[in-house]
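For the numbers below, each heavy atom of this structure counts, side chains included, while hydrogens, waters and symmetry mates do not.
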Amino acid sequence: MEAEKLREEEEMLKREIVLTVMKIVSTRLPQRDLVTLLLVSPWLYRTLVSYPSIWLTIDLREMTNAGDRLLAALSLPRYRQVKQINLEFAQGIDDKHLELVKKKCRDALSNLDCLNLNGCQKISDKGIEAITSISPKLKVFSIYWNVRVTDIGINHLVKNCTHIVDLNLSGCKNLTDKSMQLVAETYQELVSLNLTRCVKITDDGLLQVLLKCSSLLSLNLYALSSFTDKVYRNISLLANLRFLDLCGAQNLSDEGLALIAKCDKLVSLNLTWCVRITDSGVIAIANSCTSLEFLSLFGIVGVTDKSLETLSKTCSNTITTLDVNGCIGIKRRSHEELLQLFPRLTCFKVHS
């Protein structure tokens, strides 16, 4: 009896040690390594499978036969509480796989809160309808670089998933102002929106988002050259905005940028190739946005040392990344000279 009791205590201690270690490392351990551990021994298999928080993520990023792998994983009891699925640039997954997930694994995604479909170019509106219809708690949805998705897909998304706070539609070139209307009406608690290269969206579409999604902390409008000051001025409505990417905003004027300066909590601002901007606009930003850590003025020939001097006075204790490459009005400076202006600078690009 004594020996048996000691064995039971030893077994319990081993189990507690394994679970404690896994709790620490499981979030950093690649899924394939985690699955490999199941093959070490029946005891370890039973121990790991009995610990639900280890199996909250299915990571099939860049894997082949991802559709079949996803179906196989979701059929296992250990993934019944999965919260995150990453299929970024996975191969071999299309609408029919997501429709099979809906048919065979309906209950498996009831707690899913993050879905990454970046680069899954064979998924269309049908696939979005299938996967979102069984993921009512979804909060983060990313479908970068997908030219099959249309406003119909976004309609499925907003209908099925009403709690989205982080939305990445970068490269979805077939989305129009209709999608922006749907987003604005449904996701008024949205904190992050990426519309990079969504070229069919106009001032009117973006304006709806700016007027209704006042909680935005991050807005990415990279490579969208058709917007005008009509909409840029209304970015000032986003009082809590931290991240703003306006790379390629060819119609942005100093007046528009001066209004954007009302977003005085900005930490990161990309003005690359905003060719109409001059010292006037940058100085307005410098005087108001005194928490800036990242600023790119790449390619803006109308910016001179006046901007740099003002930035040094107002943001010298915060800026760590500064890009003035192509700003021919800013004189060339050595590393040491730049550090005198911006002591915390760790990344800088100066024109050659």
Answer whether the closest heavy-atom distance between the side chains of L206 and N234 falls below 4.5 Å. no

Looking at R148 and D95, is any side-chain nitrogen of the basic one under 4.0 Å from a carboxylate oxygen of the acidic one? no

Do V149 and F89 sit in the same hydrophobic cluster, where Ile, Leu, Val, Met, Phe, Trp and Tyr count as joined when their side-chain heavy atoms come under 4.5 Å apart? no

Which is it for F294 and L322 under the side chain to side chain contact (heavy atoms under 4.5 Å, CB included) test, yes or no, and what are the steps along the way? CA-CA 6 Å; F294 173 98; L322 179 63; over 6 Å; no

Using distance alone, with no hydrogens and no angle criterion, decide if T196 and N194 have a side-chain donor and acceptor under 3.5 Å apart. yes

Could you tell me the separation between the CG atom of L246 and the CD1 atom of I260, rounded to the nearest 0.5 Å? 5.0 Å

When rounded to the nearest 0.5 angstrom, what distance separates CE in M63 from CD1 in I93? 12.5 Å

For the pair T318 (side chain) and E293 (backbone), establish whether a donor and an acceptor sit closer than 3.5 Å, ignoring hydrogens and angles. no

For a quick test of reading the model, state the closest non-hydrogen atom pair linking L345 to T321 and the distance between them. CD1-N, 3.9 Å

Kindly say whether S225 contributes a backbone atom to a donor-acceptor pair with the side chain of N251 at under 3.5 angstrom? yes

Would one find more than 12 heavy atoms of other residues, nucleotides or ligands at under 6.0 Å from atom CD of E88? yes

Check whether any side-chain N or O of D166 sits under 3.5 Å from a backbone N or O of V140 as a donor-acceptor pair, and report yes or no. no

Taking H156 for the side chain and G153 for the main chain, is one N or O donor matched with an acceptor at less than 3.5 Å? no

Matching residue for V282 among I277, D254, L269 - test: side chain to side chain contact (heavy atoms under 4.5 Å, CB included): I277

For atom OH of Y222, is the number of surrounding heavy atoms from other residues, nucleotides or ligands below 6.0 Å larger than 12? no

Would you find a donor on one side and an acceptor on the other, under 3.5 Å apart, between the side chain of T186 and the backbone of L182? yes

What do the steps show when you test R69 against D59 for salt bridge (Lys or Arg N to Asp or Glu O under 4.0 Å), and what is the final call? CA-CA 10 Å; R69 290 174 188 263; D59 187 356; over 6 Å; no

Side chains of K265 and N240, donor plus acceptor under 3.5 Å: yes

In terms of heavy-atom contacts, does CG of L100 have more than 12 from other residues, nucleotides or ligands at under 6.0 Å? yes

Least distance between heavy atoms, T310 atom then N287 atom: CG2-OD1, 3.5 Å

S316 side, atom OG; L292 side, atom CG - distance, nearest 0.5 Å: 12.0 Å

Does the side chain of Q121 come under 3.5 Å of the side chain of N146 through a donor N or O and an acceptor N or O? no

Does the side chain of L341 reach to within under 4.5 Å of the side chain of R333, using non-hydrogen atoms? yes

Flag if over 12 foreign heavy atoms under 6.0 Å of NZ, K102: yes

D279 and S307: side chain donor to acceptor below 3.5 Å: yes

As a quick check of understanding, evaluate side-chain hydrogen bond (donor to acceptor under 3.5 Å, both in side chains) for D203 and T228, giving each step before the final call. CA-CA 7 Å; D203 280 357; T228 71; 2.4 Å; yes

If the threshold is 4.0 Å, N to carboxylate O, is there a salt bridge linking K200 and D177? no

How close do F243 and S218 get, heavy atom to heavy atom, and via which atoms? CD2-OG, 3.2 Å

Side-chain (N155) to main-chain (D151) donor-acceptor, under 3.5 angstrom: no

More than 12 heavy atoms of other residues, nucleotides or ligands under 6.0 Å from CD of Q188: is that the case? yes

Does a side chain donor of either N325 or D323 reach within less than 3.5 Å of an acceptor in the other side chain? no

Linking I/L/V/M/F/W/Y whenever any side-chain heavy atoms sit under 4.5 Å apart, do F141 and V147 land together? no

Would you please say whether a donor-acceptor pair under 3.5 Å links the side chains of N174 and T150? no

Could you check if a side-chain atom of F342 sits within less than 4.5 angstrom of a side-chain atom of L308, using non-hydrogen atoms only? yes

S253 side-chain N/O to G256 backbone N/O, donor-acceptor pair under 3.5 Å: yes

For N317, is there any backbone N or O sitting under 3.5 Å from a side-chain donor or acceptor partner on R344? yes

Under 4.5 Å between any side-chain heavy atoms of C289 and I285, yes or no? yes

Can you find a heavy atom in the side chain of L271 that is under 4.5 Å from one in the side chain of I300? yes

Shortest non-hydrogen separation from L238 to C213 and the atoms involved: CD2-O, 3.4 Å

For C263 and I235: C-alpha separation, side-chain torsions, deciding distance, then whether side chain to side chain contact (heavy atoms under 4.5 Å, CB included) applies. CA-CA 8 Å; C263 302; I235 292 177; 4.2 Å; yes

Check for me, please, whether L217 and L221 land in the same ILVMFWY cluster - side-chain distances under 4.5 Å, paths through other members count. no

Stepwise side chain to side chain contact (heavy atoms under 4.5 Å, CB included) test for K126 and E99: CA-CA 8 Å; K126 289 183 178 180; E99 289 170 340; 4.0 Å; yes

Nearest non-hydrogen partners of I201 and S226, listed with the distance: O-OG, 4.2 Å

Which value, rounded to the nearest 0.5 Å, describes the distance between L117 atom CG and I123 atom CD1? 4.5 Å

Quick check on the hydrophobic clustering: are L252 and L259 connected, directly or via other members, by side-chain heavy-atom contacts under 4.5 Å? no

Are any of the side-chain heavy atoms of M180 and L195 separated by less than 4.5 Å? yes

Take T304 and K331 through the side chain to side chain contact (heavy atoms under 4.5 Å, CB included) test and state the conclusion after the steps. CA-CA 8 Å; T304 72; K331 71 178 182 181; over 6 Å; no

Salt bridge check: are R233 and E255 linked by an N-O gap of less than 4.0 Å? no

Classify the side-chain pair S296/T272 by whether it contains a donor and acceptor separated by less than 3.5 Å. yes

E185 and Q181: side-chain donor and acceptor closer than 3.5 Å? yes

Just verifying a value: how many Å separate D107 CG and L109 CG, rounded to the nearest 0.5 Å? 9.5 Å

Would you give the length of the straight line joining atom OH of Y79 to atom SG of C105, rounded to the nearest 0.5 angstrom? 13.0 Å

I'd like to know whether N111 forms a side-chain hydrogen bond (donor to acceptor under 3.5 Å, both in side chains) with K83, so could you lay out the CA-CA distance, the side-chain angles of the two residues, the decisive distance to 0.1 Å, and finally the verdict. CA-CA 6 Å; N111 290 308; K83 289 192 172 184; over 6 Å; no

Nearest atoms (heavy-atom pairs only) where L74 meets V101: CD1-CG1, 3.7 Å

If we only count heavy atoms from C-beta on, is the L175 to I154 side-chain gap below 4.5 Å? yes

Spell out, as yes or no, whether a donor-acceptor pair under 3.5 Å connects the side chain of S214 to the backbone of L210. no

Side chains of V191 and L216: closer than 4.5 Å at any heavy-atom pair? no

